[in-house]
Amino acid sequence: MYIYLNGNFVTEEDARISVFDHGFLYGDGVFEGIRAYNGRIFALDEHVDRFYESAKSIMLELPLAPSDFREAILETVRRNKLRDAYIRPVASRGKGPLGLDPTKCPKPTLVIIVDPEVRHPENLDQTAMGAKGINVITTTFRRNGHDILSPRIKSTNYLNNILAKLQAHAAGAQEALFLNAQGLVCELTADNLFIVKNSRVITPPLWVGLLDGITRRAIIRLAREQNLEITEEPLTLHDLYTSDECFATASRIEILAVSSIDGRRIGDGTMGPVTSQIKRAFMEIVNREGAPIY
Ligand code: PXG
């Protein structure tokens with residue numbers, strides 16, 4: 001695979017960055033996770049916008065205009081002759097002296113990695129409509145709120161999420177659920193969350209403290225087109241435990257059913273009918289819409 005590294009396409013062996021890069025030293029950077037389906041990149045402009053917003057928020061000046069960055073993503077997929085891929089742009093603060101000061105890092109590092117193997121990390125069969133879902137526990141770690149580090153920034157500083165993921169694994173679950181400081185439901189470690197209750201689809205609002213997921217946005221849009229009732233409302237654990245269906249969404253995993261939360265089985269533990277309907281509609285959209293690569 002060819003990797004885009006600061007304007008050049010290099011092999012994995014040649015894709016080297018400094019140990020003095022503040023992305024490595026301090027987790028000082030931002031990233032994106034994007035999918036290409038069937039020769040098209042889904043929601044490319046939304047991902048480009050979010051990447052630039054994350055960078056702006058941490059005062060990381062990217063070395064190229066958004067339109068050139070967009071083209072660099074397309075070109076990286078083309079160079080690798082791919083039609084389906086997971087795409088990972090990463091920008092870090094770049095090389096600088098030891099010490100936090102980002103103003104001493106003159107040149108950000110910009111990387112675009114593509115991965116042709118788009119498989120769900122838990123190796124769950126996500127194509128079958130009756131797919132087995134994931135088991136989720138509530139983590140004791142709280143989602144970093146707007147008062148600490150904006151959850152809207154997709155930063156390369158995921159230790160909070162990683163600790164929660166370790167806690168899930170230690171408990172024998174695949175995923176961890178974050179609450180905010182008030183005990184309201186936020187999201188999973190790398191996915192947004194939806195529930196279905198009495199045929200209504202509900203997801204927590206952004207102000208609770210969660211990433212403005214691009215899959216989440218697409219699902220809110222398509223659910224409305226499908227004439228499903230969908231709202232953004234604060235949710236508690238009780239709402240989740242007593243939901244009819246629950247599902248997680250992210251670019252990488254698309255839509256995954258949640259089988260259980262803290263040992264409470266959700267529905268019959270497999271993907272429910274409303275989730276299946278949404279997933280079908282979502283898969284149609286991603287295969288039809290998107291920026292043509294070739
Ligand atoms: N919440 C968080 C905290 C995330 O990191 C999402 C929701 C879903 O957003 P999108 O825009 O993808 O619908 C994410 C997704 C990976 C990976 O390996 C992805 C994420 C984070 C870490 C790893 O795909 N972000």
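First listed ligand is number 1; within each ligand, the first listed atom is number 1.
- Residue, atom and distance of the protein heavy atom nearest to atom 1 (N) of ligand 1 are Glu187 OE1, 2.5 Å.
- For ligand 1, none of its N or O atoms has an N or O atom of His47 under 3.5 Å away.
- Less than 4.0 angstrom separates some heavy atom of Asn192 from each of these atoms of ligand 1: 7 (C), 8 (C).
- Geometrically, ligand 1 and Tyr158 share a nitrogen or oxygen pair separated by less than 3.5 Å.
- Without hydrogens or angle criteria, Asp239 side chain to Thr236 main chain gives a donor-acceptor distance under 3.5 Å.
- Under 4.0 Å from ligand 1, not a single heavy atom of Glu32 appears.
- Residue-environment remark: NZ (Lys154) exceeds the threshold of 12 foreign heavy atoms within 6.0 Å.
- Not one N or O of Arg216 is nearer than 3.5 Å to an N or O of ligand 1, by distance alone.
- Stacking of Arg252 on the aromatic ring of Tyr86 is recorded, both the 6.0 Å distance cut-off and the 45° axial limit being met.
- The shortest N or O to N or O distance between Asp212 and ligand 1 is not below 3.5 Å.
- By the 3.5 Å distance cut-off applied to N or O atoms, Thr215 is counted among the residues near ligand 1.
- In terms of N/O distances under 3.5 Å, ligand 1 is approached by Ile214.
- Relative to the ring axis of Phe42, Arg35 does not place its NZ or CZ within 45° and under 6.0 Å from the centre.
- Contacts of Leu210 with ligand 1, taken as heavy-atom pairs under 4.0 Å, are absent altogether.
- Of the protein's heavy atoms, Gly213 CA, 3.5 Å lies nearest to atom 9 (O) of ligand 1.
- Looking at ligand 1, you won't find any N or O of Thr249 less than 3.5 Å from one of its N or O atoms.
- Looking from atom 23 (C) of ligand 1 to the surrounding protein, the closest heavy atom is Arg88 NH2, 3.8 Å.
- With hydrogens and angles left out, the side-chain atoms of Thr189 and Glu175 include a donor and acceptor closer than 3.5 Å.
- For Tyr86, a nitrogen or oxygen atom sits less than 3.5 Å from a nitrogen or oxygen atom of ligand 1, counting backbone and side chain alike.
- The proximity of Phe31 to ligand 1, defined as any non-hydrogen pair under 4.0 Å, is limited to the side chain.
- More than 12 heavy-atom neighbours from other residues, nucleotides or ligands sit within 6.0 angstrom of CZ on Phe31.
- Nearest to atom 3 (C) of ligand 1 by heavy-atom distance, out of Arg143, Glu254, Lys154, Arg217, is Arg143.
- By the 6.0 Å contact criterion, OH on Tyr37 is enclosed, its count of non-hydrogen atoms from other residues, nucleotides or ligands being greater than 12.
- Interatomic distance, Ile266 CD1 to Ile261 CD1, rounded to the nearest 0.5 Å: 4.0 Å.
- Nearest to atom 6 (C) of ligand 1 by heavy atom, out of Ala190, Pro151, Ser251, Ala164, is Ala190.
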